[in-house]
Amino acid sequence: MQKILCLILFCSSFLTAQQFKFAWLTDIHIGYPTAEADLKRSIEDINSSEDIPFTIISGDITATGTLTELTLAKKILDELKNPYYIIPGNHDTKWSESGCTDFLKLWGNDRFVFEFDKFLFIGLHQGPRMRMADGHWAPEDLRWYDSLIVSLPNSNQPIIFVTHYPIDEEIANWYEMLDRLKNVNTQVVLFGHGHTNKIYDFETIPGIMGRSNLRAHKIIGGYTIVEFKSDSIYFSERTPNTETKLWHQHPLQQRNYEALIVEQTRPDYSINEKYPEVKSVWEFNSGYTIGSSAVVKDNSVFVGDASGYFYSLNLSDGSVNWKYKTQNAIYSTPAVKCKSVIFGSTDSSIYCLNSKNGNLIWKSKTNAAVLGCPIIEDDIVFIGGSDRTFRAIDLETGKLIWEFKGLKGFVETKPVFYDDKILFGAWDENFYCLDSESGNLIWKWKGDHKGIFHSPAACWPVVSDGIVFFAAPDRKLTAIDIETGNEFWRTGKFKVRETVGLSEDGEKLFIRTMSDTILALPVSEKLKEPLWITNCGFGYDISSSQIVEKDGVIFYPTKNGMIYSLNSESGKILLQHKSTNGLINTITPLTNNKFITTDFDGKVIFFSDKVK
């Protein structure tokens with residue numbers, strides 16, 4: 001009887017609710033050719049209306065997440081007369097030179113929650129943060145959402161949920177949020193990403209995709225007007241100063257998803273039954289996104305996370321030896337030598353800590369986030385930063401030896417050292433070769449596909465026999481003469497993307513294609529036929545994690561958490577194990593049957609395969 005009464009009261013509250021409307025902008029993409037003009041026109045149009053009390057902006061504010069693009073977007077959006085509520089999209093987070101921190105500095109938050117009339121509006125994005133992968137609800141964001149819902153005085157309050165991706169398998173852990181939204185009175189999910197008007201059904205939860213603000217192939221762009229009336233929400237496409245065209249009517253009603261039984265798709269972990277010998281020795285959960293790999297020295301595991309903490313874990317049981325707090329998120333895979341462990345932070349500093357106790361040995365301040373991964377050669381630290389500078393630093397003192405300022409984009413990769421040369425790619429379309437002693441440019445290479453999205457910047461290059469190999473988002477694999485900078489060969493035959501590896505003896509190049517296969521090529525100045533090709537069956541994969549060999553076994557993790565171990569000589573699959581449905585960073589093997597993973601769920605896991 002009480003539930004029936006609540007339902008009657010709720011439905012009557014809809015009938016008496018104040019009618020209102022708001023503007024909805026999405027996929028603005030400042031940085032694209034017409035984006036600035038399209039946004040200004042929409043802002044002027046919104047301001048000309050007297051009955052739009054607020055605006056919602058559901059991600060992809062920029063093309064590449066640079067401070068310049070974000071600052072311009074904010075300058076234009078701040079012209080809105082009434083409040084606006086904003087979240088980032090994948091273009092603002094994946095290619096962010098600041099490690100996703102500039103958005104927070106400019107707008108103060110990358111989430112929102114507010115009430116209007118009787119409705120609660122919640123905005124939450126799903127990255128992916130800094131790594132090429134599917135979207136992913138960060139563990140810290142899920143905790144924020146949970147604390148918000150628990151604190152609601154009215155558990156039956158109608159909710160409008162705003163995000164950037166559709167809540168389906170484009171998000172690795174889509175079900176985490178979907179199941180949460182079923183437990184509340186979710187009226188509709190609003191999102192962008194697809195640049196078109198479209199209706200979705202997320203296991204009975206209604207979803208609406210909105211058009212991009214960009215004009216695309218039309219004369220001018222546009223946005224969405226969302227109007228709430230007594231029993232429905234009306235979605236209309238607004239062409240500034242021209243017309244408003246209704247395209248969808250969505251009913252407002254009490255939602256009880258528990259009563260609706262529908263077929264659900266969830267991640268499949270049954271592969272673990274086929275390889276039961278793979279066991280977790282221990283697991284550490286930091287509670288925050290981890291976007292870097294672990295390194296191991298003696299009996300310690302070193303890794304940082306998005307909270308800004310850098311950890312030393314006990315290799316034996318995963319307990320915390322010590323932790324050190326930087327001032328912002330860490331996406332830099334560390335390097336360790338003797339008593340020193342080095343890494344960068346988005347707080348714009350490079351840190352050297354005592355590996356035994358976590359005490360600060362030295363800190364080198366730069367002019368922007370440090371997303372690059374360091375290497376140590378001859379007691380010199382080599383590392384790139386987001387201030388478009390590559391540095392050589394004395395390991396013992398932290399004093400700058402040289403810096404190269406000729407970059408046009410930020411560095412996130414791990415460079416490679418060969419014959420007194422440092423080689424790396426940057427998000428400026430170029431691959432660089434510097435003299436390791438002076439920092440002088442020896443040569444730089446640029447591919448035949450224009451645009452920073454094709455930069456050879458995320459791949460960790462590998463070198464052998466005077467050749468440097470790397471893969472880029474242009475789907476091509478490239479081999480370059482380290483001495484001259486000339487191409488030995490370049491091929492799109494295998495449809496690669498950002499993932500390579502090298503055998504420990506330097507004779508085999510390992511490649512992951514974007515569809516199902518891993519293969520081995522002989523290291524050679526001429527492109528030769530593969531030594532082996534293995535169909536692993538992982539499907540479409542865009543992960544930027546690398547392939548690593550240890551003692552005749554190669555390890556690779558997919559964007560959806562499937563770990564593969566293959567015999568490096570034959571390509572035979574030795575094991576598979578699924579530990580998550582999200583991104584696993586480049587694996588850290590200890591032996592050919594023991595390895596450590598880090599992932600977007602914030603976990604560090606020590607695995608052992610006792611069969612080998």
Side-chain angles (χ1 to χ4, degrees), residues 94 128-134 136 172 286 289-297 301-306 311 313 330-336 341-344 371-375 383-384 411-416 424-425 456-463 469-473 496-504 509-514 518 536 538 541-551 553-566 568 577-580 582-592 594-607:
K94 163 61 189 83
R129 289 168 166 86
M130 297 311 304
R131 302 291 174 248
M132 180 53 66
D134 292 336
H136 191 275
S286 76
T289 300
I290 297 179
S292 58
S293 298
V295 297
V296 176
K297 180 74 165 73
V301 180
F302 302 100
V303 70
D305 69 16
Y311 292 91
L313 307 177
I330 299 169
Y331 293 100
S332 170
T333 295
V336 61
V341 57
I342 312 289
F343 62 94
L371 303 169
C373 308
I375 61 170
I383 187 170
V411 176
E412 69 166 87
T413 188
K414 181 178 180 179
V416 64
F424 63 94
C459 179
W460 293 3
V462 295
V463 295
F469 301 92
F470 54 84
V496 298
R497 181 178 181 131
E498 299 178 321
T499 297
V500 297
L502 188 72
S503 61
E504 290 182 295
L509 176 68
F510 304 114
I511 307 161
R512 184 226 62 216
T513 72
M514 292 177 64
I518 295 175
C536 297
F538 48 69
D541 192 19
I542 55 173
S543 167
S544 54
S545 297
Q546 307 299 300
I547 298 170
V548 183
E549 186 193 35
K550 187 70 174 179
D551 300 333
V553 174
I554 65 171
F555 296 87
Y556 172 71
T558 71
K559 69 181 177 66
N560 292 120
M562 184 70 80
I563 300 165
Y564 287 88
S565 168
L566 280 68
S568 64
H577 184 82
K578 188 174 178 66
S579 62
T580 174
L583 179 82
I584 295 178
N585 301 293
T586 300
I587 290 174
T588 307
L590 307 180
T591 66
N592 64 4
K594 295 179 180 179
F595 56 94
I596 292 174
T597 65
T598 62
D599 60 43
F600 267 16
D601 293 329
K603 295 179 180 179
V604 183
I605 307 177
F606 182 6
F607 285 103

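In what follows, residues are counted from 1 in the order of the sequence shown. Computation of the quantities below employed the complete heavy-atom set of this structure, encompassing side-chain atoms and omitting hydrogens, waters and symmetry-equivalent molecules.
With rounding to the nearest 0.5 Å, the separation of CD1 in Ile542 from CE in Met132 is 5.5 Å. Residue Ile563 holds its CD1 atom at 9.5 Å from CZ of Phe555, rounded to the nearest 0.5 Å. Put simply, OG1 on Thr558 and CG on Asp134 are 9.5 Å apart, with the number rounded to the nearest 0.5 Å.
Counting only distance, with no hydrogens or angles, the side chain of Ser332 and the backbone of Leu371 share no donor-acceptor pair below 3.5 Å. Looking at Glu504, its side chain does come within 3.5 Å of a backbone N or O of Asp551 through a donor-acceptor pair. Judged by distance alone, with hydrogens and angles left aside, the side-chain atoms of Thr413 form a donor-acceptor pair with the main-chain N or O of Cys459 at under 3.5 Å.
Considering only heavy atoms from C-beta on, Phe607 stays 4.5 Å or farther from Lys594 through its side chain. Taking the side chain as every heavy atom from C-beta outward, Tyr331 and Ile290 never approach each other to under 4.5 Å. At least one side-chain heavy atom of Phe606 sits less than 4.5 Å from a side-chain heavy atom of Leu590. Side-chain contact check for Ser544 versus Thr586: every heavy-atom pair is 4.5 Å or farther apart. Side-chain contact check for Thr499 versus Ile547: some heavy-atom pair is nearer than 4.5 Å. Side chains of Ser292 and Phe343 form no contact here, defined as non-hydrogen atoms less than 4.5 Å apart. In this structure the side chain of Thr597 never reaches within 4.5 angstrom of the side chain of Lys603, judged on heavy atoms. Taking 4.5 Å as the limit, every side-chain heavy atom of Phe469 sits out of range of all side-chain heavy atoms of Val500.
Side-chain contact, Asp599 with Thr580: no donor N or O sits under 3.5 Å from an acceptor N or O.
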* **Criterion side chain to side chain contact (heavy atoms under 4.5 Å, CB included) on Ser293 and Trp460, from CA distance to verdict** => CA-CA 12 Å; Ser293 298; Trp460 293 3; 4.3 Å; yes

* To do: Apply side chain to side chain contact (heavy atoms under 4.5 Å, CB included) to Val604 and Leu313, showing your working.
  => CA-CA 9 Å; Val604 183; Leu313 307 177; 4.1 Å; yes

* Assess whether side chain to side chain contact (heavy atoms under 4.5 Å, CB included) is satisfied between Phe510 and Ser568, documenting all intermediate values. => CA-CA 9 Å; Phe510 304 114; Ser568 64; 3.8 Å; yes

* Asked: Under the side chain to side chain contact (heavy atoms under 4.5 Å, CB included) criterion, do Leu566 and Val553 qualify, and how do the steps go?
  -> CA-CA 6 Å; Leu566 280 68; Val553 174; over 6 Å; no

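Ring pair Phe538/Tyr564 is perpendicular by interplanar angle, where above 60° counts as perpendicular and below 30° as parallel. Aromatic ring orientation, Phe600 versus His136: perpendicular (interplanar angle above 60°, classes split at 30° and 60°).
The two residues Glu412 and Ala457 make their nearest non-hydrogen contact at CG-O, 3.6 Å. For Gly372 against Ile383, the heavy-atom pair with the smallest separation is O-CD1, 3.6 Å. Counting all heavy atoms, side chain and backbone alike, Ala471 lies closest to Val496 at CB-CG2, 3.7 Å. Considering every non-hydrogen atom in both Gln546 and Pro557, the closest pair reads O-CD, 4.2 Å. The heavy-atom pair separating Pro456 from Ala472 by the smallest distance is CA-CB, 3.9 Å. A pairwise comparison of heavy atoms in Tyr311 and Ser286 identifies CE1-CB, 4.2 Å as the closest pair.
Put simply, the residue from Val462, Val416, Ile554 that forms a side chain to side chain contact (heavy atoms under 4.5 Å, CB included) with Leu502 is Val462. With Thr598 as reference, Asn585 is the one residue of Ile584, Ile605, Val301, Asn585 to meet the side chain to side chain contact (heavy atoms under 4.5 Å, CB included) rule. Checked options Arg497, Lys559, Arg512; the residue passing with Asp541 is Arg512 (criterion: salt bridge (charged side-chain N to carboxylate O under 4.0 Å, His left out)).
By the side chain to side chain donor-acceptor pair (under 3.5 Å) test, Ser543 is found to be paired with Ser545, residues two or more places apart in sequence or in another chain being considered.
For Glu498 and Arg131, the salt-bridge test fails: no basic side-chain N is under 4.0 Å from an acidic carboxylate O.
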